[in-house]
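A quick write-up on the structure given underneath.
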2 protein chains.
Amino acid sequence: MSAIEIYRTLPEQIAARLRQDVLSSKLKPGDPLREIDLSERFGVSRGPVREAFRQLSQQGLLVLEPNKGVRVAQNPSVEVRPLVVELRRKIEVFVLNSIFERITAEDLEDWDAILADIKAACESSDVDALTEHDLRFHQAIIRSHDDKDLFALWQPIAMRMMMRYNRLDDIMESYREHKRILDAIRAGDKPIAIKALEDNIQ
Amino acid sequence: MSAIEIYRTLPEQIAARLRQDVLSSKLKPGDPLREIDLSERFGVSRGPVREAFRQLSQQGLLVLEPNKGVRVAQNPSVEVRPLVVELRRKIEVFVLNSIFERITAEDLEDWDAILADIKAACESSDVDALTEHDLRFHQAIIRSHDDKDLFALWQPIAMRMMMRYNRLDDIMESYREHKRILDAIRAGDKPIAIKALEDNIQ
DNA sequence: GCGCTGAAAATTGTCAACAATGTACACTTG
DNA sequence: CAAGTGTACATTGTTGACAATTTTCAGCGC
């Protein structure tokens with residue numbers, strides 16, 4: 001565990017790491033996870049690992065069966081996915097609409113920095129990095145709302161969407177989509193910004 | 001802990017009990033919860049209590065501050081509540097629409113039984129019982145969908161809505177609203193059933 | 001060979017002790 | 001007396017041992 005993220009709690013660090021592995025398909029749906037394995041891998045006891053499991057299962061990334069263990073969750077079915085997309089859109093549009101007039105230059109600076117990371121990931125065709133920074137981009141927007149509970153509401157829904165990143169033929173399109181959002185925000189054009197955000201969530 | 005619910009895991013029993021206390025306002029927003037207190041109250045160690053805390057915090061009922069403790073969450077703000085209502089409506093309507101043609105006589109029997117509990121709670125003006133059975137009613141519908149993940153998706157959203165049950169002047173209206181849903185389902189009238197469901201969620 | 005039984009192994013669940021962190025408050029200092 | 005400081009105290013975080021449960025698989029009867 002890198003000492004860079006000491007600000008985070010042990011279970012959170014483990015959860016973040018596992019989340020990465022699930023989102024990048026290093027762990028595939030159905031894969032079983034054993035507490036002992038991970039506690040040895042991370043050099044901690046089983047307690048924090050258990051907590052990370054619980055956290056990720058509430059986020060829909062893992063499935064927990066009492067007395068049996070934990071498995072990586074299946075992707076949403078083709079029937080349910082459109083619902084999840086719609087829910088996530090509703091939340092993000094709500095947030096963008098709500099904060100739009102109060103977006104500061106610092107906010108845009110932060111988001112530009114993430115956009116640069118997205119661009120770099122696209123240019124090097126690093127899908128894992130793209131998944132991570134895409135997530136960071138939307139997280140940053142949600143988190144800029146005063147009501148911190150919105151992030152907790154958004155997270156389990158967004159997670160269920162991010163489990164597969166293969167909708168784009170041209171990976172650079174992801175960068176362009178996110179750029180369009182920020183450009184519209186910078187131009188103060190709310191309807192276009194919302195439209196661009198909606199187009200990006202699918 | 002009553003021996004009736006031995007089928008459930010220890011943290012789940014504790015979480016269920018705490019949920020009841022939060023939803024019935026026995027525990028008010030901002031109230032601090034101490035692991036020791038509850039572990040003594042339930043006669044278990046702190047481990048299961050911690051897990052219950054984590055579970056309920058992911059459901060939006062508790063707020064967790066690392067190294068500081070747990071508090072009962074605030075109700076959604078007036079700004080956010082309409083969003084939560086809309087999200088919950090979307091999910092429940094999606095489910096009802098999806099299962100409608102496959103609803104069995106047994107399903108309706110189960111839901112009728114819950115409706116009877118709702119009626120009894122309304123007649124005795126028992127708001128706590130009403131909250132519980134109202135929740136059970138909608139849970140039962142969601143759970144009758146094949147995709148079990150829908151329940152996990154629905155729960156944290158529904159919880160954020162249920163934290164306050166005071167929108168009705170006449171408490172019997174809650175019974176009538178739920179009855180309308182089942183009547184329409186029994187009549188095979190999908191649009192009316194969906195309309196009745198939407199009217200009930202607000 | 002097939003299915004059942006039951007003991008052994010693997011795994012999760014719970015607990016109590018200890019460590020780390022945060023809080024309250026008396027005390028010092030200017 | 002106000003502001004800052006240090007030291008107990010209270011509370012959460014982590015750990016390793018033990019208990020309960022599930023899984024595996026060898027042995028047995030048919």
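We use all heavy atoms of the structure for the numbers below, so side chains are in, but hydrogens, waters and symmetry mates are not.
- Rounded to whole Å, atom C1' of C:dT12 lies 10 Å from atom CG of A:L64.
- Closest heavy-atom contact between A:L130 and A:A121: N-CB, 3.6 Å.
- Nearest to the side chain of B:K68, among C:dT23, D:dT12, C:dT12, sits C:dT23.
- For D:dG13, the OP1/OP2 oxygens have a side-chain nitrogen or oxygen of B:R54 closer than 4.0 Å.
- One can place CD of A:E35 at 11 Å from P of C:dT14, the figure rounded to the nearest angstrom.
- For the pair B:D199 and B:R180, the salt-bridge criterion is not met [side-chain N within less than 4.0 Å of a carboxylate O].
- Following rounding to the nearest Å, A:E65 (CD) and C:dT11 (P) show an atom-to-atom distance of 15 Å.
- The distance from atom CD1 of A:I181 to atom CG of A:L96, rounded to the nearest 0.5 Å, is 8.0 Å.
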Query raised in the report: When you check every protein heavy atom under 4.0 Å of nucleotides 14-19 of chain D, what one-letter string (B, S, -) results, 5' to 3'?
Result: BB----

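- Between the CG atom of A:L33 and the C1' atom of C:dT11 there is a distance of 13 Å, given to the nearest Å.
- Note: CG (B:N67) to C1' (D:dA10) measures 13 Å, nearest angstrom.
- We find that CD of B:Q55 is positioned 12 Å from P of C:dG13, with the value rounded to whole Å.
- Straight-line distance from the CZ atom of B:R34 to the C1' atom of D:dG13: 17 Å, rounded to whole Å.
- Residue pairs meeting the ring pair (Phe, Tyr, Trp, His ring centres under 6.0 Å) criterion with at least one partner in residues 113-140 of chain B, sequence neighbours excluded, are B:F137-B:H178, B:H138-B:H178.
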Requested in this report: Show the numbers, then the answer: is there a side-chain contact (heavy atoms from CB on, under 4.5 Å) between A:R89 and A:Q202?
Outcome: CA-CA 8 Å; A:R89 270 208 194 114; A:Q202 54 175 324; 4.1 Å; yes

Kindly list each side-chain donor-acceptor pair under 3.5 angstrom involving residues 28-35 of chain B, sequence neighbours excluded, with atom names and distances?
residue	atom	partner	partner atom	Å
B:D31	OD2	B:K28	N	2.9
B:E35	OE1	B:R46	NE	2.9
B:E35	OE1	B:R46	NH2	2.9
B:E35	OE2	B:R50	NH1	3.0

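- The shortest distance between the side-chain N/O atoms of A:R71 and the OP1/OP2 oxygens of C:dT12 is not below 4.0 Å.
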